[in-house]
Amino acid sequence: MKKLLFNELGLSEYILNAVTEMGFEEASPIQSETIPMILSGKDIIGQAQTGTGKTAAFAIPVIEKLDVSSGFIQALILCPTRELVIQVTEEFRKLMKFNKNNSDSAVVAVYGGQEIERQFKALKKKPFIIVGTPGRIMDHMRRKSISFSKVSMVVLDEADEMLDMGFREDIEYILNETPSTRQTVMFSATMSKEILSLTDRFQKDPVFIDVTSQKINSPIIDQMYFEISEKAKPEAVARLIDFYNIKLALIFCNTKTKVDEVVEILKTRGYFAEGLHGDMSQRQREKVMSGFRNGIVEVLVATDVAGRGIDVNDINAVFNYDLPRDDEDYIHRIGRTGRAGKSGRSFTFVNGREIYHLRRIERVNGIKVTRGTIPTIGDLDNTASKIMREKIISKIQEGQLSRYINIVENIISDEYTSMDIAAALLKLTMAEKNEGYDESQTFEITRPSSKSRKPSSKESIGKGRSFTARRPERSEYGKSKRRESNNKIGYEKEENKKYLKPKKQEKFKETNFDDRKKSRPKKEYSDTNFDDRKKSRPKKEYNDTNFDDRKKSRPKKEYSDTYFDDRKKSRPKKEYNDSYFDDREKSRPKKEYNDIYFADKKKNKQEKELPGTKDKKDDASRWWAIFENRESARKPSSKGKSKKKK
């Protein structure tokens, strides 16, 4: 891809002056491709990794297209994190430094964590450009402190990260509140299905620009990994920082707790380290980032979300203290170093099965991470001596050493020479650093080889005792006892060998099985053989007489006419006479009914009846008739008696 100079892009003079002051002459590939397209008014989808100059790629055309005479918001830039909002805002202010109409209110940063009253005051000054996070932008839209009715350009920076953080609905809501005639520019490190669906909905014939291959295959980042245990990671960080003489280092951890732990460990070792994660207030985060940019903070430990907005060009190395959970986060992490044409290093720590995760990251991103070794104490001494030698030479060349020469002359005497004094001073300065290293710490993880590994159960059973673990050697006393027992048993005496002859193991050959087959007589079967077997079996014949004989053999049970009469006679007949029924009546107690009984029943019935019912017959007379009928029914009739007698 052809790179262009900034003066070949047709930019304004004040922007060229600002770019020159920032130290840039040649535009990056993403800038060379994107700036002319945005200036022509086309929608853009730019795929590029972090550190490729994306911010300037959209900031320069946004500034070029500003109408300073208007008093409304003309451009909106959405970013996923607060740090990235601050970084983009600073980039805009640097590029607008030499603009005559520039003011502090031209660009306003809107993000969570900052006092909203302060943002209200800034928005009342009628800025031209708004840079913010989706959440706080929506908050101002609900309060009606921001209006995007006249916005001409919307930029989505790190769009993939915003979607991963769950800002999809917020982005759609904000874009729906902007004019349909707007120009939409989108930048993303990766191109997922969600990104493409967003472009189909809110962009018009976008131009796709991909410069990811330019960054991933770049040789200016030396990528190394170290297979070490979790306990050895702090010692490894300290040795690598000192061995490579790293001035600014960025360490990534997966959790906030791990960030705080690593910061405390590095502080105890004498490093100026600070942490950066979501639990910190905005004022603390800004203070930490300011110290890191100015070089006061040597080591910055951060999480992935907090580290997205870090844009410092002088970072020497990036440490993946924890392997990133997402394959794409690895590219975002190492992209913090090796910026602006400078070289950088990335160190990744893996433990156990994490090596397979690293291999997948290499395969997905098309990169190669080489294995490295942690420097030894000797390597650190050699490096420290070289660094000290360079410092001493530079101080001698600077001069102004007369004060210190007088001190050395006072120390020199017959006993001490200038060489002794110089050696003592070097020992004092270099020994302090060496005292901080843990010499007992080991970094190599030994893996069992195929020869020394324990055999499986199948191998042990199939191949015998030679593949099992060796027994420990016997002592001299044990050996002598073993010899005595062998002599008693008779392993070494000729007369006892006949009793303890070892069984010879039978060896089978292919011919052995053939001989066994031959020794067995083969039984032959012919057709006559089966006929003979049939003849030898007697055939059982059945005829009609056979079944008649079976019937005759069974005795038939005969019943005569007198049989049933005899059965009736054998049953005793029960006789009933008139006195039987009279006795039954006497045995039953007779229930007497009087007038009071019927009067009570009638009264109870009337109480139960509902009001408005018709009058019925007298209950007493009705019950009396029932009683008479019942009495008459109890008396046996003459007809019934005659029937029973019969």
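By convention here, the first residue in the shown sequence is residue 1.
Formation of a donor-acceptor pair under 3.5 Å by the Arg82 side chain with backbone atoms of Gly112 is found in this model. Side chain of Thr178 to backbone of Leu175: a donor-acceptor contact under 3.5 angstrom is found. Remark: the backbone N or O of His332 is paired with a side-chain donor or acceptor of Arg336 at under 3.5 angstrom. Under the 3.5 Å distance criterion, the side-chain polar atoms of Gln284 are matched with a main-chain donor or acceptor of Ser281. Looking only at distances, a side-chain donor or acceptor of Thr199 sits under 3.5 Å from a matching main-chain atom of Leu196. Using modelled atom types, no side-chain atom of Gln114 and backbone atom of Tyr111 make a donor-acceptor pair closer than 3.5 Å.
Note: Met186 CE to Leu78 CG = 10.0 Å, rounded to the nearest 0.5 Å. Atom CG of Asp260 sits about 11.0 Å away from atom CD1 of Ile265, to the nearest 0.5 Å. Lys97 contributes atom NZ, which lies 10.0 Å from atom NZ of Lys94 (distance to the nearest 0.5 angstrom). With rounding to the nearest 0.5 Å, the separation of CD1 in Ile30 from OG in Ser32 is 9.5 Å. Interatomic distance, Ile334 CD1 to Ser346 OG, rounded to the nearest 0.5 Å: 5.0 Å. The distance from the CZ atom of Phe208 to the CD atom of Glu33 is 12.0 Å, given to the nearest 0.5 Å.
For the 3.5 Å distance criterion, the side chains of Asn320 and Arg333 qualify, holding a donor opposite an acceptor. When only modelled atom types and interatomic distance are considered, Arg136 and Gln119 share a side-chain donor-acceptor pair under 3.5 Å. Arg285 and Thr81 form no side-chain donor-acceptor contact under 3.5 Å, judged by distance and modelled atom types alone. Checking Glu362 against Tyr330 by side-chain atom types alone, no donor-acceptor pair falls below 3.5 Å.
In this structure, Leu9 and Pro36 approach most closely via the heavy-atom pair CD2-CG, 4.1 Å. Nearest heavy atom pair, residue Pro80 against residue Leu84, reads CD-CD2, 3.4 Å. The two residues Pro324 and Ile361 have their closest heavy-atom pair at CG-CD1, 4.4 Å. Closest approach of Cys253 to Tyr321, counting heavy atoms only: SG-CB, 4.0 Å. Considering all non-hydrogen atoms of both residues, Ile221 and Thr337 come closest at CD1-O, 3.7 Å. Closest heavy-atom contact between Leu16 and Leu11: CD1-O, 4.0 Å.
The list of ring pair (Phe, Tyr, Trp, His ring centres under 6.0 Å) pairs with a residue in residues 71-94, not counting sequence neighbours, is empty. Counting only residues at least two apart or on different chains, no salt bridge (charged side-chain N to carboxylate O under 4.0 Å, His left out) pair has a member in residues 111-134. Screening residues 146-156 for side-chain hydrogen bond (donor to acceptor under 3.5 Å, both in side chains), with sequence neighbours left out, gives Ser147-Ser149. The salt bridge (charged side-chain N to carboxylate O under 4.0 Å, His left out) analysis of residues 195-209, with sequence neighbours excluded, yields the pairs Glu172-Arg201. Within the structure, side-chain hydrogen bond (donor to acceptor under 3.5 Å, both in side chains) pairs that include any residue of residues 59-73 comprise Ser12-Glu64, Lys65-Gln183, Asp67-Ser69, Ser70-Gln74 (at least two apart or interchain).
The side chain to side chain donor-acceptor pair (under 3.5 Å) check on Thr268 picks up nothing, with sequence neighbours excluded. Residues passing the side chain to side chain donor-acceptor pair (under 3.5 Å) test with Asn17: none are found, sequence neighbours excluded. Under the side chain to side chain donor-acceptor pair (under 3.5 Å) criterion, Asp43 pairs with no residue, sequence neighbours left out. Taking Phe120 as the reference, His140 meet the ring-ring contact (aromatic ring centres under 6.0 Å, His included) condition, with sequence neighbours excluded. With sequence neighbours left out, Phe187 forms a ring-ring contact (aromatic ring centres under 6.0 Å, His included) with Phe58. With sequence neighbours excluded, the residues forming a side chain to side chain donor-acceptor pair (under 3.5 Å) with Asp379 are Thr376, listed by chain and number. Among residues two or more places apart in sequence or in another chain, the ring-ring contact (aromatic ring centres under 6.0 Å, His included) test is passed with Tyr244 by Phe347.
No side-chain heavy atom of Val318 sits under 4.5 Å from any side-chain heavy atom of Arg345. Within the 4.5 Å cutoff, no side-chain heavy atoms of Asp170 are placed close to those of Thr133. Looking only at side-chain heavy atoms (C-beta outward), Thr348 and Gln223 stay at 4.5 Å or farther from each other. In this structure the side chain of Arg371 never reaches within 4.5 angstrom of the side chain of Phe226, judged on heavy atoms. When side chains are defined from C-beta on, Tyr225 does not count as touching Thr370, because their heavy atoms never get closer than 4.5 Å. Side-chain contact between Met153 and Val62 is present, with heavy atoms from C-beta onward closer than 4.5 Å. Two residues are said to be in side-chain contact when any heavy atoms from C-beta on lie closer than 4.5 Å; Leu276 and Val301 fail this criterion. Side-chain contact between Ile63 and Ile15 is present, with at least one heavy-atom pair separated by less than 4.5 Å.
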- prompt: Hey, mind stepping through Asp304 and Phe252 against side chain to side chain contact (heavy atoms under 4.5 Å, CB included) and telling me if it holds?
  reply: CA-CA 7 Å; Asp304 287 304; Phe252 282 101; 4.0 Å; yes
message: Is there a side chain to side chain contact (heavy atoms under 4.5 Å, CB included) between Ile86 and Glu286? Walk through the geometry before answering.
response: CA-CA 9 Å; Ile86 296 170; Glu286 291 176 359; 3.9 Å; yes
Criterion side chain to side chain contact (heavy atoms under 4.5 Å, CB included) on Val299 and Ile241, from CA distance to verdict: CA-CA 10 Å; Val299 182; Ile241 289 174; 4.0 Å; yes
message: As a quick check of understanding, evaluate side chain to side chain contact (heavy atoms under 4.5 Å, CB included) for Leu76 and Val155, giving each step before the final call.
response: CA-CA 6 Å; Leu76 170 64; Val155 180; over 6 Å; no
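Of the residues listed (Lys256, Lys233, Lys258), the one engaging Asp322 in a salt bridge (charged side-chain N to carboxylate O under 4.0 Å, His left out) is Lys233, and it is the only one. For the side chain to side chain contact (heavy atoms under 4.5 Å, CB included) criterion with Pro127, the lone passing option out of Val107, Val108, Val110, Ile146 is Val108.
For the pair Glu298 and Lys247, the salt-bridge criterion is not met [side-chain N within less than 4.0 Å of a carboxylate O]. Using a cut-off of 4.0 Å between Lys/Arg side-chain N and Asp/Glu carboxylate O, Lys54 and Glu158 are scored as salt-bridged. The residues Arg239 and Glu235 are annotated as salt-bridged, a charged nitrogen and a carboxylate oxygen being separated by less than 4.0 angstrom.
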